[in-house]
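First up is the structure itself, then whatever we jot down about it.
Below, each value reflects all heavy atoms present in this structure, side chains not excepted, and no hydrogens, waters or symmetry copies.
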Amino acid sequence: MAEIIVVTSGKGGVGKTTSSAAIGTGLALRGHKTVLVDFDVGLRNLDLIMGCERRVVFDLVNVINREATLNQALIKDKRTEGLFILPASQTRDKDALTVEGVESVLNELSEMFDYIVCDSPAGIEKGAQLALYFADTAIVVTNPEVSSVRDSDRILGVLQSKSRKAEQGGSIREHLLLTRYNPTRVQAGEMLSVEDVKDILAIPLLGVIPESEAVLKASNQGQPVVLDQQSDAGQAYLDAIARFLGEDREHRFLDVQRKGLLSRVFGRKG
Amino acid sequence: MTADNASSTNPPFRFKSSRVSLNELMLLEYDAERLRSELGRHAARLPSLFRQMPVVINLEQLPAEQPLPPLSDLLAICRESALNPIGLKGNSRYDAELCSSLGLADFGQGGRGEQLRDPEPVVEPEPVAAVTEQAAEPTVKAESRTRILTAPVRSGQQVYVQGGDLIVLSSVGAGAEVLADGNIHIYGPLRGRAMAGVNGNTDARIFCQSLEAELISIAGYFKASEDLQSDHWQKPAQAWLCGTRLDTAAL
């Protein structure tokens, strides 16, 4: 039986797909058989971020409509062992997804994988609701910025009331993933701090991913940033995955880094 | 909601948002004689309750196969027992014009907006059933039902405590709404909207550990965030109604 993780946020453009790709890849690197499912019907980009857009033949909607089998639609990742992608349809829209259809696909995937990572679309409507409906765990991706925090608060409310677990009287395990964090701007008072966001959302912090040029580079190359082990974002994602799997890791990249001569003379700050 | 009129003459009236507790007369079956005698028995037992009590006649439980009772007859039977029927709920069969000519308001089909999921279900208005044998307590003054929430109230969620106080042992997020007929106590920051005394209770108060509200209101009199930027902003505070003015003070 697989654990179903939904990566959601409410707000668009905060890093759900980047994080889904990173987390899925990271779990597979740790030896867990993982599948990434793109729920953003009509605006798919998980396949681009994973670099498999040239191998997409069948998609989630084809499988739901029994136009293809799961094995025909699943794309095996070429770089990471045990990692598969189920892309979304680009030509259909969200009405093509049904609760029964999604349930049947997830049940089939549950028997083949250890982890199912559902990349949710932005918003709180049908697409996002279907992505979170069957989840056991939710990773709420938030930027340290007021409208993102407000929308994350909203999606937490939706998770608590509109999921299968909530309907059965249980609850989804919630984690906060703070992305695009810039310590310099936090220090200047231009950006919310980790403590500010934790105070408002009140859910356990999974990780803080620093703002990084490596992310844009990785997505344009079709390579999950977690494979760029030199980058700060890649390392921060690996830390987050370790924490997800129960390990204790200190949060890095929270403080302003001073470089060069100054740091040698005065010593690193914080 | 009250609003200042900037026109040259003072209007002779004002609309005020209010939320009153109404009892519903839930019809389970219709037999004119039986209804008349049962209502008469209830009225005899609880004369103070029935004294012109306004009721909404709820037709949701009436079996669809049952022939429609003549509306004017139904109203006459209610009035004979000193009930004051003001409208219909769950009506899908009576003609709208007929209802309007008889002065009946349409209370829709029942159901509310998104409710907060909580172990204890949201309390519905106490129905006064037409044909039950219960020895009813006067149901107009419901016992105080205080509701306690322990998780944060998230943006977009709405909680309404009818006939009691609300206690939140966490925060109320921006974009969330909490309402109560009684007082509202928030052991955390209030960043959303809090509306106390929604049934007209002018003694209701709002307490919070950090006043950062988008709007607070007591018995319909409200102040938006802009007007709350006083010494008590972002500090522990309470709000109460002084005549028609909403006052705040440090806790």
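Within residues 135-147 of chain A, no residue has any heavy atom less than 4.5 Å from a heavy atom of chain B.
The number of heavy atoms from other shown groups lying within 6.0 Å of CD (B:Q229) is above 12. For CD of A:E250, the number of neighbouring non-hydrogen atoms (other residues, nucleotides, ligands) closer than 6.0 Å is 12 at most. By the 6.0 Å contact criterion, CZ on A:R180 is open, its count of non-hydrogen atoms from other residues, nucleotides or ligands being 12 or less. By the neighbour-count criterion of 12 heavy atoms within 6.0 Å, atom NZ of A:K198 is sparsely surrounded, having that number or fewer from other residues, nucleotides or ligands.
Residues B:V153 and A:D153 share a closest heavy-atom pair of O-OD2, 4.5 Å. When every heavy atom of B:S155 is checked against every heavy atom of A:R150, the shortest pair comes out as OG-CD, 3.8 Å.
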Exercise. Evaluate the criterion side-chain contact (heavy atoms from CB on, under 4.5 Å) for residue pair A:Q160 and B:R154; output intermediate values, then yes/no.
Key: CA-CA 9 Å; A:Q160 284 161 12; B:R154 300 285 180 189; 3.6 Å; yes
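Salt-bridge annotation for A:D199 and B:R191: present, with a side-chain N of the basic residue lying under 4.0 Å from a carboxylate O of the acidic one.
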